[in-house]
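Please read the structure below before turning to the comments.
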Protein chains: 2
Amino acid sequence: MTTTAKVKRGRKFDQVIEGARRVFLRDGFDGASVDDITREAGVSKATLYSYFPDKRLLFLEVAKGECRRQAETAVEFDDTDSAPETVLTIAGRRIAELASSDFGRSVFRVCVAEAERFPEIGHEFYKSGPGLVRQRLIAYLEGAVARGQLAIDDIPLAAAQFAELCRAEVHVRRLFHLDETFSAKRRDGIVRGAVEMFMSRYGVRNRD
Amino acid sequence: MTTTAKVKRGRKFDQVIEGARRVFLRDGFDGASVDDITREAGVSKATLYSYFPDKRLLFLEVAKGECRRQAETAVEFDDTDSAPETVLTIAGRRIAELASSDFGRSVFRVCVAEAERFPEIGHEFYKSGPGLVRQRLIAYLEGAVARGQLAIDDIPLAAAQFAELCRAEVHVRRLFHLDETFSAKRRDGIVRGAVEMFMSRYGVRNRD
DNA sequence: CGGACAATAGACCGCTTGGTTCAGTTCCGG
DNA sequence: CCGGAACTGAACCAAGCGGTCTATTGTCCG
């Protein structure tokens with residue numbers, strides 16, 4: 001109780017999670033057998049089942065953990081003093097990076113596949129991924145509007161638009177293996193396009 | 001040979017496909033058992049296996065068929081005489097509708113889930129869905145630029161941007177069950193936002 | 001009307017799965 | 001260095017899986 005453990009009841013807990021993480025992200029829920037996981041984790045079946053009552057709960061735990069990890073890599077807006085172009089470019093790069101990374105893609109795939117069977121995973125994913133980005137973007141945009149840097153009527157819509165623009169091409173083409181990688185250059189081009197489009201719509205200079 | 005059949009070797013062929021379609025779209029590849037499918041199709045196992053050598057091939061056939069169906073509902077650009085705002089609004093509605101429909105969502109989900117195991121399904125889906133939309137949008141935009149209606153430097157990027165803007169919010173929130181339906185009104189609002197943004201970036205009036 | 005033959009239903013097979021059990025081994029704090 | 005908790009490995013189970021096989025039904029042509 002004094003060290004690290006509280007809920008987790010044994011020394012191999014982390015091994016189990018880590019092994020399950022790798023196998024589930026690679027093979028999905030159905031594709032991963034419990035034996036695969038124990039092998040990957042270097043742990044016996046009995047040990048695994050001493051931590052988790054069944055495969056479903058183990059999966060939920062892993063999936064939620066990955067969603068939390070995803071949240072950690074999400075955008076943050078510290079430097080709100082710079083011009084919107086600058087702030088949005090930096091934020092956009094983070095969004096595009098996550099969308100094209102192996103990690104982001106794997107988590108997305110597995111959450112989409114199992115969102116029907118495990119609805120809470122769907123919610124968790126949204127909340128810690130697109131939802132979080134959306135929320136932080138909204139907060140930033142509100143500030144920028146108040147500061148007179150941007151002119152936006154429907155801020156939630158604008159936030160969704162910007163995020164979606166940064167994922168244009170990148171996400172879908174990686175998901176379906178049309179591109180095996182995205183160069184930083186190409187990604188930056190897409191982000192630049194997103195910022196340009198966003199600014200020409202909501203920048204203070206061009207009011208309609 | 002005189003009637004309807006040519007390739008398909010029996011009268012229950014369509015029943016099999018239809019049953020498999022329903023079960024696969026509902027439960028995915030692993031989630032669907034062959035017995036489920038025969039039950040749903042009202043057909044015996046032997047009958048099914050007389051048409052398809054194994055479950056994998058049946059799935060591929062169904063998935064490809066659904067991709068073809070998806071292609072049929074994709075955007076088309078007949079009326080290119082109207083103003084870009086009008087043409088894009090109509091096209092955008094089609095894109096947003098498909099993205100938020102049960103059909104579009106199911107096909108997307110199942111293709112994402114199995115794109116790793118069946119790479120050709122990933123390609124087929126892209127080709128008959130986002131890829132087709134992109135291609136047709138590019139063709140239209142090229143025309144509009146030539147006609148002097150729009151000013152676009154990177155047409156493929158612009159096409160991707162527009163399509164993505166129309167799917168903003170709609171797609172993700174439906175995928176993860178944050179909204180069970182999308183009213184036509186709300187959808188139209190998103191499409192209007194997409195068109196406005198697109199026009200303020202690429203409309204001929206606002207050159208930078 | 002009858003016989004040949006394809007289509008069919010569903011019992012059946014071998015195998016893998018998630019999950020359990022248990023006798024024995026390792027680890028670690030006191 | 002001891003005692004108990006954590007861990008192991010393998011054997012084991014029932015259930016469900018994809019796929020096959022055979023006995024029966026239905027159909028069509030002479």
Side-chain angles (χ1 to χ4, degrees), chain A residues 1-63 110 113-114 116-118 121, chain B residues 1-63 110 113-114 116-118 121:
Chain A
M1 199 185 292
T2 52
T3 54
T4 57
K6 218 186 294 181
V7 181
K8 38 188 85 169
R9 276 139 24 209
R11 353 163 197 148
K12 306 229 167 170
F13 187 89
D14 293 344
Q15 275 183 50
V16 173
I17 290 280
E18 177 56 22
R21 201 185 74 81
R22 279 205 296 273
V23 178
F24 277 137
L25 284 191
R26 170 163 36 88
D27 300 334
F29 180 75
D30 286 308
S33 83
V34 176
D35 287 295
D36 289 346
I37 294 173
T38 60
R39 210 174 305 122
E40 185 79 26
V43 138
S44 81
K45 231 171 164 180
T47 304
L48 186 152
Y49 275 102
S50 80
Y51 292 137
F52 298 96
D54 60 23
K55 187 189 177 188
R56 231 183 117 266
L57 267 293
L58 171 58
F59 178 72
L60 276 171
E61 198 58 38
V62 168
V110 94
E114 305 306 335
E116 214 79 357
R117 196 181 341 198
F118 306 99
I121 285 187
Chain B
M1 201 184 288
T2 52
T3 54
T4 56
K6 218 186 298 182
V7 180
K8 37 188 84 170
R9 276 131 32 203
R11 24 202 164 111
K12 307 227 168 172
F13 186 89
D14 294 343
Q15 277 183 50
V16 173
I17 290 280
E18 176 56 21
R21 202 184 73 81
R22 279 205 295 274
V23 178
F24 278 137
L25 284 191
R26 172 164 34 88
D27 302 333
F29 180 76
D30 287 306
S33 81
V34 175
D35 287 293
D36 288 346
I37 294 173
T38 60
R39 210 175 304 121
E40 185 79 25
V43 136
S44 83
K45 238 172 162 178
T47 304
L48 185 151
Y49 276 101
S50 80
Y51 294 136
F52 298 95
D54 61 23
K55 187 189 178 188
R56 231 182 117 267
L57 268 292
L58 171 58
F59 178 71
L60 276 171
E61 197 57 38
V62 168
V110 94
E114 306 305 335
E116 215 79 359
R117 197 179 341 196
F118 306 99
I121 285 187

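In what follows, chains are A, B, ... by sequence order, proteins preceding strands, each numbered from 1.
The distance between atom CG of A:L48 and atom C1' of C:dT21, rounded to the nearest whole Å, is 16 Å. Look at CZ on A:R56: it is 10 Å from P on C:dG19, rounded to the nearest Å. Between the CZ atom of A:F13 and the C1' atom of D:dC7 there is a distance of 16 Å, given to the nearest Å. Nucleotide C:dA9 holds its C1' atom 12 Å from the NZ atom of B:K45, rounded to whole Å.
DNA chain D forms stems at C:1-30 with D:1-30, each a run of 3 or more consecutive Watson-Crick or G-U wobble pairs whose two key distances fall under 3.5 Å.
Between the side chain of B:K55 and the base of D:dG19, no donor-acceptor pair of N or O atoms lies under 3.5 Å.
Between D:dC7 and A:Y51, a contact under 4.0 Å exists linking OP1 or OP2 to a side-chain N or O. Contact annotation: A:T47 does not reach the phosphate of D:dC7 (side-chain N/O to OP1 or OP2, under 4.0 Å).
Nearer to the 5' terminus of DNA chain C, by closest-nucleotide assignment, is the contact made by B:V43 (compared with the other of A:D36 and B:V43).
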Check the pair B:D30 / B:R117 against salt bridge (charged side-chain N to carboxylate O under 4.0 Å, His left out), numbers first and verdict last.
CA-CA 11 Å; B:D30 287 306; B:R117 197 179 341 196; 2.5 Å; yes

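Put simply, the side chain of B:T47 does not reach to within 4.5 Å of the side chain of B:T38, judged on heavy atoms.
The list of salt bridge (Lys or Arg N to Asp or Glu O under 4.0 Å) pairs with a residue in residues 46-61 of chain A, not counting sequence neighbours, is empty.
The ring pair (Phe, Tyr, Trp, His ring centres under 6.0 Å) check on B:F24 picks up B:F59, with sequence neighbours excluded.
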